[in-house]
Amino acid sequence: MAAPCNAEEAKSSKLEFALDVAFPSAREASIACQSLSPDREPRRGGATKELRAAGSTLSVRWTAEEARILRVSVGSFLDHLALVLETMIEFGPPVAQ
């Protein structure tokens, strides 16, 4: 992302980050999406996060006004994602319903 040219543009610009995570199946992507779906954000002006499972891919998109807030939100999400993946590996593939 290119840096804004002036201070006025810097104030109005938002930072965005997107991540796609491939899972072995659509069911596992759906389980991960449900496990990682955020609760309502407690404060205004922080990062917003959108999760979506499409087929076997989990897509996540963040928007924030400050790089620090975006970095913390993405880092926290990646920690939780690692835990979800470790749990899925430990318990094996989900049982079909």
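Predicted model only: the values in this text are computed from it and were never measured.
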**OP:** Mind checking side-chain hydrogen bond (donor to acceptor under 3.5 Å, both in side chains) for S25 and listing every partner two or more places apart, or none if nothing turns up?
**Re:** E28
Original post:
If you take all heavy atoms of A64 and L70, which pair is closest and at what distance?
Top reply: CB-CB, 3.8 Å
Subject >> For S59, side-chain hydrogen bond (donor to acceptor under 3.5 Å, both in side chains) partners two or more places apart >> reply: D20
Original post:
Transitively linked via ILVMFWY side-chain contacts under 4.5 Å: L85 with V60?
Top reply: yes
Original post:
Should L19 and V84 be regarded as members of a common hydrophobic cluster, given that ILVMFWY residues are connected when their side-chain heavy atoms come within less than 4.5 Å of each other, either directly or indirectly?
Top reply: yes
Original post:
Any idea which heavy atoms bring L15 and E66 closest together, and the distance?
Top reply: CD1-C, 3.6 Å
Original post:
Which of these passes side chain to side chain contact (heavy atoms under 4.5 Å, CB included) with L36: L83, L51, V21?
Top reply: L51
Subject >> Verify same cluster id: L78, F23 (apolar side-chain graph, 4.5 Å) >> reply: yes
Original post:
Is there a donor-acceptor pair closer than 3.5 Å between any side-chain N or O of S37 and the backbone N or O of C33?
Top reply: yes
**OP:** Please work out whether the ring planes of F77 and W62 are parallel, tilted or perpendicular, with thresholds of 30° and 60°.
**Re:** perpendicular
Original post:
Under the salt bridge (charged side-chain N to carboxylate O under 4.0 Å, His left out) test, which residues partner R71, sequence neighbours left out?
Top reply: none
**OP:** Indicate yes or no for a side-chain donor-acceptor contact from S30 to the backbone of A26 under 3.5 Å, with no hydrogens or angles considered.
**Re:** no
